[in-house]
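Along the sequence shown, residues carry numbers from 1.
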Amino acid sequence: MDITKDIKYLGVNDHEVDLFESQYKVPNGMSYNSYLIDGGDKTLVMDAVDSHFISEWLDNVASELNGRTPDYLMVQHMEPDHSAGIFAFMEKYPEAVVVSSAKAFQMMKNYFGTDWSERRVVVKEGDTLQVGTHTLTFVAAPMVHWPEVMVTYDINEKILFSADGFGKFGALDREDAWDDEARRYYIGIVGKYGQMVQCLLKKASKLEISKILPLHGPVLSEDLGHYISLYDKWSSYTPEEDSVTIAYTSVYGHTREAVKLLEKKLSEKGVRFTTFDLARSDMSEAVSSAFKTSKLVLATTTYNGDIFPFMREFVEHLTERNFQKRKVAIIENGSWGPMAAKVITGLMEKSKDIEWLGTATLMSALNSASETQVENIAEALSK
C-alpha cells in the first residue's frame with residue numbers, strides 16, 4: 001500500500017488474536033503497522049511486528065525493497081507487538097543499522113541478549129537522521145506508554161510516525177468507528193499517562209502535520225483536528241459529552257430494578273444514558289464510556305462487607321486511569337448493612353474534582369423511600 005510516493009505500508013493484520021494484551025477483546029482483530037521510507041539511495045524500515053507475523057512482515061519488506069538492502073531499522077517502541085521481529089530483521093540484513101533511543105537499546109539487550117553495539121545509532125529528542133532525500137527528526141514521548149518511546153517526524157513529507165499514539169483496536173481490513181475503538185484503546189492502555197500525552201501534544205502542535213501514521217489502526221490523513229481534539233480531551237480527562245454512564249451489578253434483580261427506575265426517570269427528562277451490566281458487559285467498553293460521559297452512576301450490592309467483585313474491578317480500572325472531573329451518584333443495596341457507598345467513596349477518595357450527586361439506599365428492595373431517592377438522583381443528573 002502506497003502512503004505517499006516514497007512511503008509504503010509494510011504491516012500485517014492479525015485475526016488470530018482474541019484478547020489484545022491478554023485482556024482487551026478485539027473481535028475485529030488488530031493491525032501491527034510498519035512502514036518503509038524510500039529516500040532513493042537510502043531506505044529505512046519503521047518498526048517491526050508481533051512474533052506471530054515475522055515471516056509475513058519480512059516478505060512485505062523484501063517485496064517493497066525489490067532486491068535492495070535496507071539501510072536502517074527505526075525502533076520507536078519496544079513493546080513486543082512492535083519489536084519481536086527486530087532480531088530476525090538484523091539477521092536477514094547484516095549490513096542494516098538499528099536506530100532507537102538509549103532506553104530502547106537497554107530493552108533490546110533484555111529481550112534479545114544483544115543491543116547491536118556495532119550496528120546502531122542512538123538518537124534523542126531533536127536529533128536528525130538523513131535517509132536519502134528524507135530528513136527525519138525525533139521527539140521523545142516517555143510513558144506514552146513505555147519510557148523508551150520516540151516518535152518520528154518526516155520533515156519532507158510532514159508526516160508524524162506516532163508510535164502507539166493515535167492507535168486503535170481493529171485490523172485494517174475491517175471497518176469500524178475510529179472514535180469508539182480508539183477511545184477504548186487509549187483509555188485502556190494509555191489512559192493513566194494523560195500528563196505525558198499532553199506534553200507530547202504540545203510538542204506536536206509546533207509541527208506542521210499532513211498525516212499521522214500510528215503503530216495500530218489506519219493512517220490518519222483527513223480532519224486531523226478531530227483526532228487531535230479527542231486526544232486532548234482524553235489526556236486532560238475532559239468529558240466528550242454531557243450524558244450519563246450507568247454501571248451496575250445485581251445479584252437477584254433488585255438493584256437492577258432500581259436502575260430500570262432511574263432509566264425511566266432519565267428518559268422522561270430527556271437525559272441521554274448508556275447502561276452496563278458489569279457482570280455481562282465488556283469491561284473495557286464500560287470503562288471507556290465512563291471517561292466519555294460527564295456523569296456516572298454506580299449501582300451495586302454490598303457483598304462480604306465490601307462491594308460486588310465486578311463493581312470493585314470497574315472502580316479500580318477508573319481510579320488506576322486517573323478518573324476525574326466527573327459528577328457521580330451511587331445506588332447501594334444492603335439487605336441488613338449497606339456498605340457500598342462507603343466503600344466506593346473510599347476507593348475514589350484520591351480522584352480529583354469529583355462532585356457527588358447523592359446516594360439512594362435500598363434495604364433489599366425498592367420501597368417508597370428509596371424510589372424517591374432514585375428520583376432525586378435522576379433530577380440531579382438532569383441538571
(Q) Centroid separation under 6.0 Å, is that true for the rings of H216 and F169? (A) no
(Q) Just verifying a value: how many Å separate K292 NZ and T245 OG1, rounded to the nearest 0.5 Å? (A) 8.5 Å
Q) So, are E181 and R184 salt-bridged, with charged N and O less than 4.0 Å apart? A) yes
Q: Decide if the gap between the ring center of W57 and the ring center of F89 is smaller than 6.0 angstrom.
A: yes
**Q.** Electrostatic pair D115-R120, nearest N-O below 4.0 angstrom
**A.** yes
**Q.** Of D306, T300, T249, the residue whose pairing with R312 passes side-chain hydrogen bond (donor to acceptor under 3.5 Å, both in side chains)
**A.** D306
Q) Do the charged groups of K168 and D176 touch, with an N to O distance under 4.0 Å? A) yes
Q) Between the side chains of D164 and Y185, does any donor sit under 3.5 Å from an acceptor? A) yes
Q) Between D353 and K325, is the closest basic N to carboxylate O distance under 4.0 Å? A) no
(Q) A cation-pi test, strictly: NZ or CZ of R183 under 6.0 Å from the centre of the six-membered ring of F291 and no more than 45 degrees from its axis. Yes or no? (A) no
Q. S294 and D242: side chain to side chain donor-acceptor pair (under 3.5 Å), yes or no, with the steps?
A. CA-CA 5 Å; S294 59; D242 184 17; 2.8 Å; yes
Q.
Please report whether the ring centroid of Y227 lies less than 6.0 Å from that of F166.
A. no
Q.
How about CD on E208, more than 12 heavy atoms from neighbouring residues, nucleotides or ligands closer than 6.0 Å, or not?
A. no
Q.
So that I can tick it off, tell me whether R326 and E355 are bridged by a salt bridge, with the cut-off set at under 4.0 angstrom between side-chain N and carboxylate O.
A. no
Q: To the nearest 0.5 angstrom, please state how far the OG atom of S210 sits from the CD atom of E222.
A: 12.0 Å
Q. So does K342 pair up with E332, basic N to acidic O under 4.0 Å?
A. no
Q) Just checking, is any N or O donor in the side chain of D47 or Q76 under 3.5 Å from an acceptor N or O on the other one? A) yes
Q | Side-chain H-bond candidate by donor/acceptor type, N33 with H82, under 3.5 Å | A | no
Q. Just checking, is any N or O donor in the side chain of H52 or E16 under 3.5 Å from an acceptor N or O on the other one?
A. no
Q: Flag the pair M196 / V190 as yes when at least one side-chain heavy-atom distance between them is below 4.5 Å, and no otherwise.
A: no
Q) Does the ring center of Y248 lie less than 6.0 Å from the ring center of F276? A) no
Q.
Please determine whether the number of non-hydrogen atoms from other residues, nucleotides or ligands lying under 6.0 Å from atom NZ of K203 exceeds 12.
A. yes
Q. For residues D6 and H134, is any side-chain donor paired with an opposing acceptor at under 3.5 Å?
A. yes
